[in-house]
Undergrad: 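The structure is given below, and queries will be raised subsequently.
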Amino acid sequence: MSIQTFKPIKEGKVREIYDNGDSLIMVATDRISCFDVILNNRVDKKGAVLTQMSKFWFDMTKDIVPNHMISVDAEDMPEYFRQEEFRGKSMLCRKLTILPVECIVRGYITGSGWASYQKNGTVCGIRLPEGLRESDKLPEAVYTPSTKAEIGEHDENISYDQSIAYLEKYFPEKGEEYARQLRDCSLALYKKCAEFALSRGIIIADTKFEFGLDSDGNLVLADEMLTPDSSRFWPADEYEPGHGQPSFDKQFARDWLKANPDNNWTLPEDVVRRTIDKYLQAYELLTGKAL
């Protein structure tokens, strides 16, 4: 008997999405992207870290907002996804209408937020206190939404008010309601998870969430959640404001690419190995168990 084969209906930089009738199967591949470009390397186990870490957070936060996860058990999926290449990396999910806003929460001033603050004292139009240093903790986390760009294009930061107008275009008479729900849920999720992560020795400097609507129009958390791909994780015991921080994410890869401009989007093996070691370390610290 031949196994039914599946073709992805959507391929992102790292994820592939497959149609499974009344559900979807989301596979986190071992691809790695930096600066919106998919690199030539594969990072072994990276997809499994992303999937299993998302599962960990989805389980922890379903009291705040429902999420799209049905199962990460291959036995609950068609036989095709029980192959070795999919094992541990696949998530069976509810089908949703995805809202076209990336919900970014910043608890610390870093990255593009720091660059913006140095220019004019604001991040995405939000005025911040004077005298902040790079990597300083903000008095309270800020919500800075952005539009969702197609692959190869860049997301565009927008203000909260612009997010209302932007959502209104797609969902007439619902823009304000959805914008408010996105903001409130994003901040509540960040607050709960950042406090937990800190108790495990990890600072979540910033992160992004994505949401969709179910068939009844209810808000549902989608995509991935609080992984090293969608967040900046810093080791709390090395935290020292005033400069950039070491991190549990793609920073090794980004730094190497910046330092070697004729890189042809290919990392040396030791940078790949150090990158996955950071992902695995973050997973183990947060969940208390090895992958």
Side-chain angles (χ1 to χ4, degrees), residues 53-54 57-69 93-94 96-117 120-129 132 136-149 154-198 202-227 229-233:
M53 198 179 277
S54 290
W57 293 117
F58 283 148
D59 284 339
M60 186 192 287
T61 57
K62 51 183 189 273
D63 60 325
I64 295 176
V65 61
N67 61 67
H68 70 160
M69 177 178 71
C93 303
R94 295 156 64 184
L96 303 170
T97 302
I98 295 296
L99 294 168
V101 171
E102 299 231 310
C103 299
I104 299 162
V105 181
R106 303 168 191 265
Y108 293 72
I109 183 91
T110 184
S112 62
W114 170 241
S116 165
Y117 177 77
N120 57 22
T122 70
V123 172
C124 304
I126 299 169
R127 171 78 43 201
L128 295 178
L132 292 177
D136 261 336
K137 187 174 197 281
L138 297 173
E140 57 184 311
V142 295
Y143 172 67
T144 59
S146 78
T147 61
K148 282 178 61 167
H154 290 284
D155 300 337
E156 185 190 338
N157 291 330
I158 52 177
S159 69
Y160 173 68
D161 287 344
Q162 285 173 312
S163 77
I164 295 175
Y166 187 67
L167 286 161
E168 189 67 32
K169 266 194 326 201
Y170 295 90
F171 304 96
E173 295 180 30
K174 288 284 194 179
E176 188 163 3
E177 180 189 336
Y178 290 157
R180 186 177 64 250
Q181 283 185 308
L182 291 177
R183 178 194 63 196
D184 293 353
C185 282
S186 297
L187 288 167
L189 290 166
Y190 175 81
K191 186 172 186 301
K192 177 171 184 171
C193 298
E195 281 173 11
F196 173 83
L198 196 55
I202 290 180
I203 289 170
I204 302 176
D206 54 30
T207 192
K208 67 175 182 195
F209 301 111
E210 292 196 35
F211 295 86
L213 303 170
D214 67 14
S215 53
D216 296 325
N218 300 313
L219 195 71
V220 179
L221 182 58
D223 198 48
E224 65 181 317
M225 182 180 184
L226 288 162
T227 70
D229 265 20
S230 67
S231 320
R232 275 192 182 85
F233 289 168

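A quick note: this is a predicted structure, and the numbers were derived from the prediction, not measured.
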Undergrad: Just verifying a value: how many Å separate S112 OG and I104 CD1, rounded to the nearest 0.5 Å?
TA: 7.5 Å
Undergrad: Can you find a pair of side-chain heavy atoms, one from K192 and one from M60, that are under 4.5 Å apart?
TA: yes
Undergrad: Can you name the closest pair of heavy atoms from M53 and F233 and give their distance?
TA: SD-CE1, 3.8 Å
Undergrad: Give, for atom OH of Y178 and atom CD1 of I164, the distance between the pair rounded to the nearest 0.5 Å.
TA: 14.0 Å
Undergrad: Mind checking whether T97 and S215 have side chains closer than 4.5 Å, heavy atoms only?
TA: no
Undergrad: Taking the side chain from R232 and the backbone from I203, do they hold a donor-acceptor pair closer than 3.5 Å?
TA: no
Undergrad: Check side chain to side chain donor-acceptor pair (under 3.5 Å) between N157 and all other residues, then give those that pass, not counting sequence neighbours.
TA: none
Undergrad: Do T144 and D206 make a side-chain contact, defined as non-hydrogen atoms from C-beta onward lying under 4.5 Å apart?
TA: no
Undergrad: Find out whether T147 and Q162 are in side-chain contact, i.e. whether some heavy atom of one side chain is under 4.5 Å from a heavy atom of the other.
TA: no
Undergrad: State, yes or no, whether a side-chain contact exists between L189 and W57 at a heavy-atom distance under 4.5 Å.
TA: no
Undergrad: Given the rule in the side-chain contact (heavy atoms from CB on, under 4.5 Å) test, do D59 and M69 qualify, once you have shown the distances and angles that lead to the verdict?
TA: CA-CA 9 Å; D59 284 339; M69 177 178 71; 3.3 Å; yes
Undergrad: Looking only at heavy atoms, which two atoms of F58 and E224 are closest? And how far apart?
TA: CZ-C, 4.4 Å
Undergrad: Write down the atom of C103, the atom of Y143, and the distance for their closest heavy-atom approach.
TA: SG-OH, 3.5 Å
Undergrad: Of the non-hydrogen atoms in A141 and L187, which two are nearest, and what is the gap between them?
TA: O-CD2, 3.9 Å
Undergrad: Side chains of D229 and T227: is there a donor and an acceptor less than 3.5 Å apart?
TA: no
Undergrad: Can R183 be said to sit on top of Y160's aromatic six-ring, NZ or CZ under 6.0 Å from centre and within 45° of the ring axis?
TA: yes
Undergrad: Under the side-chain contact (heavy atoms from CB on, under 4.5 Å) criterion, do N67 and K62 qualify, and how do the steps go?
TA: CA-CA 7 Å; N67 61 67; K62 51 183 189 273; 4.0 Å; yes
Undergrad: Do F171 and L213 come close enough that some side-chain heavy atom pair is under 4.5 Å?
TA: yes
Undergrad: How many angstroms lie between CD1 in I204 and CG in L226, if you round to the nearest 0.5 Å?
TA: 4.5 Å
Undergrad: Between D216 and N218 (side chain of the first, backbone of the second, donor and acceptor by atom type, cut-off under 3.5 Å), is there such a pair?
TA: no
Undergrad: Go through the steps to decide whether S159 and D161 satisfy the test side-chain hydrogen bond (donor to acceptor under 3.5 Å, both in side chains), and finish with yes or no.
TA: CA-CA 5 Å; S159 69; D161 287 344; 5.4 Å; no
Undergrad: Between S230 (side chain) and M225 (backbone), is there a donor-acceptor pair under 3.5 Å?
TA: no
Undergrad: Using every non-hydrogen atom in the two residues, find where L132 and W114 come nearest and quote the distance to one decimal.
TA: O-CZ3, 3.5 Å
Undergrad: Could you check E156, E102, E210 and say which one makes a side-chain hydrogen bond (donor to acceptor under 3.5 Å, both in side chains) with K148?
TA: E210
Undergrad: Are C185 and L219 side-chain neighbours, meaning at least one heavy-atom pair lies under 4.5 Å?
TA: yes
Undergrad: For a quick test of reading the model, state the closest non-hydrogen atom pair linking S186 to F209 and the distance between them.
TA: O-CE1, 3.4 Å
Undergrad: Before giving the answer on side-chain contact (heavy atoms from CB on, under 4.5 Å), spell out for L138 and V123 the whole-Å C-alpha distance, their side-chain angles and the decisive distance to 0.1 Å.
TA: CA-CA 11 Å; L138 297 173; V123 172; over 6 Å; no
Undergrad: Keeping the roles fixed (side chain from Y117, backbone from P129), state whether a donor-acceptor pair exists under 3.5 Å.
TA: yes
Undergrad: Measure the spacing between CG of L99 and OH of Y166 and express it to the nearest 0.5 Å.
TA: 10.5 Å
Undergrad: Do K208 and S146 make a side-chain contact, defined as non-hydrogen atoms from C-beta onward lying under 4.5 Å apart?
TA: no
